[in-house]
Amino acid sequence: MEKITLAHGSGGKLMHQLIDSVFLEQFSNKILREKKDSAVFSLGQTRFAFTTDSYVVDPLFFPGGDIGSLAVYGTVNDLSVCGARPRYLACGLIVEEGLDRGIVERIARSIRNAALKAGVEVVTGDIKVVERGHCDKLFISTSGIGIVDRMTDLSLDRVRIGDSVIASGTIGDHAISILSQREGLNLGSRIVSDSAPLNGLTARIVSVSRHVRFMRDPTRGGLAATLNEIVTKRKFGIVIDERALPIRPSVKTACELVGFDPLSLANEGKIVVIVGQQDARRVLSVMRSHRYGTAARVIGKIVPGPAGKVILNTSVGSRRIVEMPSGEQVPRIC
Ligand code: MG
C-alpha cells in the first residue's frame, strides 16, 4: 500500500500528482480544473475569489511572524494574486490539549493585527481540541473571500511569447528563517521571514497595466515550482537569468551550508508577475515604489521553447533545466 510522505505536502512533483490523481479526479469541475490560487466565479453580477489553506508551521513563532499572521497573509495573498480585493476570512483552530492558554491568546492577537494590516475581517471560525500527542501544539485553517473587478482578467491562457517575468523581491527568506530558528543555525545575521499581505501591491499592479497576464505567490516549492506550474502543458517555456535573481547574501550562504537550492525555497511575501513586455517597466516601477516590492526585478521572459520547460542561464554562462522540486527540503514550512 502506497503511503503518504512529507514530499506529498511539499508543493512539488508528488503533491501535484496527488492533487491531479485523487482530488481533481474526485471533485473535478470547471472552476477547480483552472487550478488557480483561488476559485474565481460569479454570483449574480459580482465576481468572487474564494480560497482555503492550512497552516502547520513549526515553530509557532519565528523571526518576522507566527502561525497566526502567516495564516492571514497566506490566504490574503492567494486571493490577491487572482486579482481580488480580499474581504472576509474564516479561521479554524485545532489545538493540542495542554497548550498554554497564553499562546492561544498571543496567536489570536496576531491574527487580529494581521487582519487589520491587510484590511480584512475574520467573520467566522471554529476551535477543536485534540488529545495530547494527537496534533503538534496548534494548527490553523483559514478560508477567505474577496471581490474581483469585472475588468481584471488574469489567466495563463493570456500569456504570450516575449512577456516579461518579474519577481517582487528576494527569494528564500521565509524558508531559511524557519530553518535557522528550528535548527538553531548560526548564520551570522538573523534572517527574517518575508511573510506579508500583498493585496496593496497586487492592486497597484493591476491598476497600471491591462497587460498583466498572471500572478502567483511562490510559496512551497518556491520559484522553481511556480515557474514550472506556469509552463506545464503550455506551448511556451520560461528562461530566467541567475544573475537577475534577487537573493540575500545570508540566504545564499545558508543554502550553500545546507545544500539547498534557493529556487525551491518557500516565500510568504513575494509574487511572480507575468506582464506584456510593453508594460514591464511601468509595472516594475509601481512595484518598486511599494514597500513589499522594493527589490523587484525582471528575472526572465516567456520564450517559444523548449515548451513546458524552465531554463536557467547560470552566472557562469551555462544553461540548465529548473525542474519541479521533487522532494521535501523543509517540512512544515507554512
Ligand atoms: Mg498561492
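When a ligand or atom number is given, it counts from 1 through the structure's own listing order. Below, each value reflects all heavy atoms present in this structure, side chains not excepted, and no hydrogens, waters or symmetry copies.
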Exercise. With a 4.5 Å heavy-atom cut-off, do Leu284 and Ile166 have their side chains touching?
Worked result: yes
Exercise. Under the salt bridge (Lys or Arg N to Asp or Glu O under 4.0 Å) test, which residues partner Arg158, sequence neighbours left out?
Worked result: Asp153
Seminar exercise, completed: salt bridge (Lys or Arg N to Asp or Glu O under 4.0 Å) pairs touching residues 7-21, sequence neighbours excluded, are Asp20-Lys35
Exercise. Going by chain and residue number, what protein N/O/S atoms come nearer than 2.8 Å to the Mg ion (ligand 1)?
Worked result: Asp37 OD2, Asp78 OD1, Asp217 OD1
For this session: Consider only side-chain N and O atoms of Ser177 and His174, and report whether a donor and an acceptor are under 3.5 Å apart.
Result: no
For this session: Taking the side chain as every heavy atom from C-beta outward, state whether Arg288 and Arg297 have any pair of such atoms under 4.5 Å apart.
Result: yes
Exercise. Ser42: what forms a side-chain hydrogen bond (donor to acceptor under 3.5 Å, both in side chains) with it, not counting sequence neighbours?
Worked result: none
